[in-house]
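Keep in mind that the numbers below use all heavy atoms, side chains included, and drop hydrogens, waters and symmetry copies. The model shown is predicted, which means the values in this text are computed figures rather than measured ones.
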Amino acid sequence: MLDKNGIAKRIAQEVEDGFYVNLGIGIPTLVANYVRDDIELEFQSENGILGMGPFPSEEEVDADLINAGKQTITALPGASFFDSSMSFGMIRGQHVDLTILGAMEVAQNGNIANWKIPGKMVKGMGGAMDLVGSAKNIIVAMMHTNKVGDSKLLKSCSLPLTGVECVTKIVTNMAVLDIVNKKFRLLERAPGVSVEEIQKATEGDLIIEGDIPEMKI
Amino acid sequence: MINKTVNNVSEALDGVEDGMTFMLGGFGLSGIPENSIQELVRRNVKDVTCISNNAGVDDFGLGLLLKKKQIKKMISSYVGENAEFERQMLSGELEVDLIPQGTLAERCRAAQNGIPAFFTPAGYGTEIAEGKEVRDFDGKPHIMEKAFEADFAFVKAWKGDEAGNLIFKGTARNFNPLMCGAARVTVVEVEELVKPGELDPNFIHIPGIFVQRIFKGEKFEKRIEQRTVKS
């Protein structure tokens, strides 16, 4: 079973040379720590920066330089700043190559829910609806089950949707899956996790074809 | 040159009344119009609708107006950092319209640019699409969103000149340029106010035509929400 950093490490393998990448809040943010250093890429943060760098030193901290999680950051050489309309132009216009975000639930048709629990938690969607409404390449980073052990990979979402039929790939603490013909397809197992355990933790229909390899991390 | 300067924040907010709709720039606490917000608190303007990506934190930014129950309705994309906000929303005291961040930005830009409505894929198939016109373009469904209508836009810029030309800094730019000229009156507070000619016209982000009033903010606390440093 992977921890959050393990999920981030596995997702980092999906990042290719020349990619512009948008990272959501939470596990996705960790992905930046594990990307190979022999490729060229730029991170976009939807509040208005391309070429986002690591956290600053104490001296470099600047209230006018934050990421979408409101954390202080730095700008790398070649970075640019822009307004929120242009930022979502990059997203809606499909100029961003890869979007990585968290979720509360994913359904086997690619629906995603991650912004609201009616009557309990209403934080808002932020940029998530714009991202999932337009991105070609969306990877969801999340735990396979919620805190009480229920599956987060479902036949259909029970929570209010963020987007419909948009998720292409899911990386959890147990598995890598993609979505084909409105079903989850198991691609890889986390180290030490069996196909049976994944099956048990997956409420949605799961396609299992041949031997399922263990993730290389 | 048409001079847009006013002497202070009090003059800048002349004409602000109860029940109005305000746009406020900023993302989180970065680039918020701190001085105008303080003045709104001081004047105790009531029953206002605020269009702002976030709602501040409990004791800073729009959180100050929330605490005094001055806000009737919030139009935002993300409100997660504010406990008082969540309490007022769940208890029904506060009306809340949550909309996608890109749609929020574009509804400002549409108002600024004289575009009454536009189509976006964001939110199609979700509860925010309910009651909205849907149209297919290239086989993909989009929903119609309308330009905002607002009485005042409160904007924070880094540098400005007396003609109202503006330059923003870093990610404090965010929604600020999009709100200029998107309301009946645009009020801008700047850290540095200079004479015309001192800013290079090649590097102006927002031309003064979109600005009615500009003043140098008395104080900028520029509070940081999540101070993160490298280990």
Under 4.5 Å from a heavy atom of chain A, the part of [X] involved:
X	value
B:Leu104	neither
B:Arg227	both
B:Asn82	neither

Handout entry: Lys/Arg N to Asp/Glu carboxylate O, A:Asp62 vs B:Lys169, below 4.0 Å
Key =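 Salt bridge flag = yes for B:Lys169 with A:Asp62.
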
Exercise for the section: Heavy atoms only, distances under 4.5 angstrom: which of A:Ala63, A:Gly133, A:Gly126, A:Gly124 has the most pairs with chain B? Name it, please. Expected result: A:Gly126

Can you say whether [X] sits under 4.5 Å from chain B via the side chain, the backbone, both, or neither, judging by heavy atoms?
X	value
A:Lys116	side chain
A:Asn67	backbone
A:Glu46	both
A:Val122	both
A:Pro54	neither
A:Thr162	backbone

Exercise for the section: Look only at the side chain of A:Asp130 and the backbone of B:Gln101, and say whether a donor-acceptor pair between them is shorter than 3.5 Å. Expected result: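 Present.
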
Exercise for the section: May I ask you to decide if A:Gly48's main-chain N or O and B:Thr171's side chain share a donor-acceptor pair within less than 3.5 Å? Expected result: no

Practice task
Under the side chain to side chain donor-acceptor pair (under 3.5 Å) rule, collect the residues that match up with B:Arg223, sequence neighbours excluded.
Solution key: B:Asp59, B:Glu221

Problem - Geometric cation-pi criterion A:Lys70 and B:Phe27, 6.0 Å radius, 45° cone - result: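 Yes, cation above the ring, under 6.0 Å and within 45°.
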
Taking the side chain as every heavy atom from C-beta outward, state whether [X] and [Y] have any pair of such atoms under 4.5 Å apart.
X	Y	answer
B:Ile128	A:Met125	yes
A:Val164	B:Thr126	no
A:Asp64	B:Glu191	yes
A:Asp83	B:Phe175	no

Practice task
Using the side-chain contact (heavy atoms from CB on, under 4.5 Å) rule, take B:Glu106 and A:Phe88 through it: C-alpha gap first, then chi angles, then the decisive distance, then the call.
Solution key: CA-CA 9 Å; B:Glu106 210 56 21; A:Phe88 282 91; over 6 Å; no

Problem - Inter-residue atom distance A:Phe55.CZ - B:Gln226.CD, 0.5 Å rounding - result: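 So the CZ of A:Phe55 and the CD of B:Gln226 are separated by 9.5 Å.
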
Exercise for the section: Using the test ring-ring contact (aromatic ring centres under 6.0 Å, His included), find all partners of B:Phe215 that sit at least two apart in sequence or belong to another chain. Expected result: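 By the ring-ring contact (aromatic ring centres under 6.0 Å, His included) rule, B:Phe215 matches no residue at all.
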
